[in-house]
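Data block below; observations after.
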Amino acid sequence: MEKGRNAVSNTIKEVNKSLHEDIYLLGKLLGEAILTTEGENTFQQIESLRRAAVKTRREPTNEHIQDLNKAIDALSDEDANKIARAFSYFLHLTNIAEDQDQQRHLKTHKLHANLTYTLDLLEKDGVDSQTFLAKLKHTQLVPVLTAHPTEVQRKSTLDAHQAISDTLTAYHQELDQDDRETVLDNLGAHIQLLWLTRMLRTNKLTVENEIDNVNNYFATTFLKAIPQLYKRLDKELFKRYKTTTKLPSFLTIGSWIGGDRDGNPNVNASTLKSAFYKQAATLFSYYLEEVHQLGTELSLSTMLHNVSSSLQEASDHSIDHSPHRIDEPYRRVIITIYARLAATANVFSNGAVQLVHVKAASPYTTPQDFLTDLLMIEESLRLNQAEKLSHIRLKNLIQSVNIFGFHLASIDLRQSSDVHETILSELYTRSRTLFEGKPFIYSELSEEQKVSLLLEELTNPRPIYSTWQKYSELTTKELLILQTAAQIRQQFGPQAIKQYIVSHTETLSDLLEILVLQQQSGLINIQADEQGQLLPIQENDGLIVVPLFETIPDLEAGANIMDDWLSIPIIHDRVLKAQNGLQEVMLGYSDSNKDGGYLTSNWSLYKTEIALVRVFKKHQIRLRLFHGRGGAVGRGGGSSFEAILAQAPGSVAGQIRLTEQGEVIQKKYRSAPLGLWHLEHLLSATLQASLSAKANAPDAFMENYGGLMEQLSKLSQSSYRELVYGTEGFVDYFFAATPINEIAGLNIGSRPASRKKGQRIEDLRAIPWGFSWAQCRLLLPGWFGFGTAVQTYLDKGFEGEPNTREKRLQRLREMAQGWPFFKTTLSNMEMVLAKSDLRIAEQYSTLVNNAKLRQTIFDKIRHEHTLTVASLKEILQIDELLANNPLLANTLKERFAYIDPLNYLQVEVIRRLRQHQANKDQNRYESLRDERSVHLTINGIAAGLRNSG
């Protein structure tokens, strides 16, 4: 055991050594760039502040804090701006070094997360090839990219990051001295270019910008990484079972960008169409390049090689008549395929992909037509002893077409339930529909009356919407989106748009409403025979109605709502049959956290999963959970691998979708190798959570500790809500002591920070809520309430629990050691607490002008933080946070020297900015300059903390 510990310790030291060397090199080159462009004075100011921040962290005395604040106060606005850029860019470079280090080392440190380990584990648990492949056929893993705004980097900055990363990779190759010096010069040049590149956007992002950004990730990462993952699994399966089988499309990619209207008035039918045209342009550019390269490679001559009769016939009818290729049938066929593909690209991208010097040809109608031609080539190679050649490129291309079709990524539609109610109220009023023989206003009906009316509507082919009527702007816009979705599915196929997510699902009628609206817009075709009997709904007809349960009450009601939904004959026997017996449910991490706090949110989600599994088992319907996770721990962040394994037993079962948001997309999917690594982890976790013996064992922990968790949750929620919703003046404190208003002015997304105007926590979006707490180093949504709950239990006990403190503590330790749910909850909270800093947070509290309010609320926060840290240490039996994760502890220690001064600087520049804004006769230029400085610090702190959005 001791030998093993020493080996781990030595490995960590080696990792830290190589990482530290990279960080030192990049920092040195950044310093040289600053010295060259800004001069000695700026360089020395930066160094002086860095040293002062390090001293303050090592010895956080009032004297050292005052000295650091004095140094910052003395900075001119221009110097503050430069220093904010310097520390921010250093943290950007640190991230690049860490990502490189992660790719070099984590595969060996996290063997449990790769496919080899996973398949070994499943074999030990008795999962044979037939069982595995049968499960894979019913597996659907979908990372869904959203435009939720916490990614603060510009694309120009991200491009510079990639260039630096690529050059750093080259630097680590075996090079002679001259080549090494050349690479080092290039690295310095790229870092100087980063320094001279504007960090902040000057204009707010549009939806079109967000579509372009996500397409960049599709092109650079997903189109390359996903087929590679299939190839890797295929290779692993062949090594084990010595059989070749066609892998089903178990992993695809999804997106919300262009279709998510909840709180974003800028998303409409035009953005939905634009998203698909741009995705098609990205996808067909990839296909065309792959087909071009395939034609270059398959130079086989009939003088040396036989071909199948079907391939020869296709060659004889090729549009290529060059005498130089008369004996090269593969190339002749591929030239025709390329021409047809070019014509197809022009159609599906709305003219965005137009190639010159390509002969005219008829476009493919469906991906299957394109696939048929590729399979013909593969078959000819296989039948003529040249199958190995298909492994160079052809198999990957075939797999890509199976995965991406002509649409690339499925786009979800999303809208709030109250919008659907408003639209139906107008449609029923305009159509003069009667209910129980009388005119009515839909929104004023009881829930029972709404359900009765909507169910009757679903059996009635007659429309309540008329193209001759003039409707309100909202109704016209929303119905046009649904009509456009029907057209897109007709062109791109049903896989293009499959889900409709209903935000704020609170009742059964919220789900029935969108079914009726689909019926009115052509997405669902309700028809009857001559006798008036309803005909079956066609397979894939209509979008899956996905309830989104977000708040704590909604989560608690979720299983009952789904029980009622699945009990409706028309839903169970007709709608779900068209969906192949599958129903999706989305769980909201962000709003449940904002509503009930960290522990209660996690516990409510877990309980809801268990209740949903029972309901779906009762109705014999397959359940797919869609996890609305963000980057911050308070929004479901943390390791996706650990999170999937910590799901309630039976809740994965091969079906899972999860959101990838904000800066998490850049962190995970910046490049194809990094993206492949993360996708392999997602797949490994999904397979382990679906097939391993542990995943299918009864939930003994829930039985033994569920009652204790319930009582801890109630205490935690009470403590959290008393602070956030029950403390007078808390809203004023929050808006003053965090940069929430300044974040709202940062051009990082197309949607507003709040659903409504005004300052109410209830109306504030959960993303800027969590992001703001991270900026001031409190990260309150990731821990508040836990300390009070645990200490109350330890000191006073609960009914039915052990009667001594020691035994109660042992109960919590057993939970932390053996229950994946509780273990992951504590692990994520520990990481958040390690990033928090009460001394820095206290500096932000000085932005609150009301001294009494400031002291009252900060004292409450300080008290709970002390309780929480003490409780966590006691349960985990550690003296320092992250004592069991020295790699992360050392990484954070490196970062704090650069994050801390940004925090102190942010407080000062926020103070200056607010003073300028309050004094309206001040120079507008000074106000804008201070605003830029605030935004620069926001950028840097977000980069330093990494998972704060």
Side-chain angles (χ1 to χ4, degrees), residues 84 148-152 200-201 204-205 263-264 590-591 593-595 597 630-635 661-663 720 723-725 727 729-782 784 832 835-837 840-850 853-854 857-858 861 902-903 905-918 927 930-942 945 948-949:
H148 285 165
T150 58
E151 172 52 77
V152 294
L200 301 174
R201 299 184 182 97
K204 194 172 183 64
L205 278 180
N264 193 343
S590 306
D591 282 291
N593 179 284
K594 185 162 72 77
D595 185 31
V633 165
R635 298 185 52 240
Q661 305 180 16
E663 83 282 358
Y720 171 84
L723 173 74
V724 175
Y725 300 102
T727 301
F730 178 82
V731 173
D732 296 330
Y733 178 92
F734 171 69
F735 276 86
T738 76
I740 177 63
N741 287 318
E742 289 74 21
I743 287 169
L746 194 59
N747 297 313
I748 59 174
S750 65
R751 78 180 57 230
S754 184
R755 289 186 171 91
K756 300 176 183 177
K757 291 183 179 179
Q759 292 191 348
R760 274 176 25 106
I761 302 298
E762 292 87 342
D763 297 330
L764 190 67
R765 290 191 172 279
I767 296 166
W769 163 256
F771 197 51
S772 301
W773 287 116
Q775 285 287 310
C776 66
R777 298 290 289 280
L778 270 175
L779 298 100
L780 183 143
F784 198 94
V832 163
K835 292 181 178 181
S836 67
D837 191 303
I840 290 175
E842 191 168 16
Q843 297 297 306
Y844 283 84
S845 74
T846 65
L847 294 168
V848 180
N849 293 325
N850 185 325
L853 176 66
R854 174 172 70 235
I857 292 180
F858 192 76
I861 294 172
L902 278 173
N903 284 117
L905 181 59
Q906 186 177 89
V907 173
E908 174 58 24
V909 291
I910 286 176
R911 199 187 314 277
R912 292 182 189 181
L913 174 62
R914 290 177 182 176
Q915 286 172 352
H916 287 320
Q917 291 171 337
S927 182
D930 285 337
E931 187 175 43
R932 282 197 301 274
S933 294
V934 173
H935 290 165
L936 287 167
T937 61
I938 291 172
N939 186 302
I941 294 166
L945 296 176
S948 60

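By the ring pair (Phe, Tyr, Trp, His ring centres under 6.0 Å) test, Phe734 pairs with Trp769, Trp773, sequence neighbours left out. Under the side chain to side chain contact (heavy atoms under 4.5 Å, CB included) criterion, Arg914 pairs with Ala736, Glu742, Leu847, Ile910, Gln917, not counting sequence neighbours. Partners of Ala84 by side chain to side chain contact (heavy atoms under 4.5 Å, CB included), not counting sequence neighbours, listed by chain and number: Leu902, Leu905, Leu936, Thr937. Residues meeting the side chain to side chain contact (heavy atoms under 4.5 Å, CB included) test with Thr846, sequence neighbours left out: Val907, Arg911. Among residues two or more places apart in sequence or in another chain, the side chain to side chain donor-acceptor pair (under 3.5 Å) test is passed with Arg912 by Asp77, Glu908. Partners of Asn903 according to the side chain to side chain donor-acceptor pair (under 3.5 Å) rule, which considers only residues two or more places apart in sequence or in another chain, are Arg777, Tyr844.
Just one of Glu931, His935, Arg932 meets the side-chain contact (heavy atoms from CB on, under 4.5 Å) condition when paired with Leu913; it is Glu931.
The CG atom of Leu779 lies 10.5 Å from the CG atom of Asp837; values are rounded to the nearest 0.5 Å. Taking OG1 from Thr738 and CG from Leu778, the interatomic distance works out to 9.5 Å, rounded to the nearest 0.5 Å.
Between the side chain of Tyr725 and the backbone N or O of Phe730, no donor-acceptor pair lies under 3.5 Å.
Closest non-hydrogen pair, Ile941 versus Ala774, comes out as CG2-O, 4.5 Å. Across all their heavy atoms, Ala737 and Ser845 have their closest contact at CB-CA, 4.2 Å. When every heavy atom of Leu853 is checked against every heavy atom of Asn850, the shortest pair comes out as N-OD1, 3.0 Å. Shown here for Pro739 and Ser772, the closest heavy-atom pair between the two residues is CD-O, 3.9 Å. Asn593 approaches Pro781 most closely through the heavy-atom pair ND2-O, 2.8 Å.
Side-chain atoms of Ile938 and Gln906, non-hydrogen and from C-beta on, do get closer than 4.5 Å to each other.
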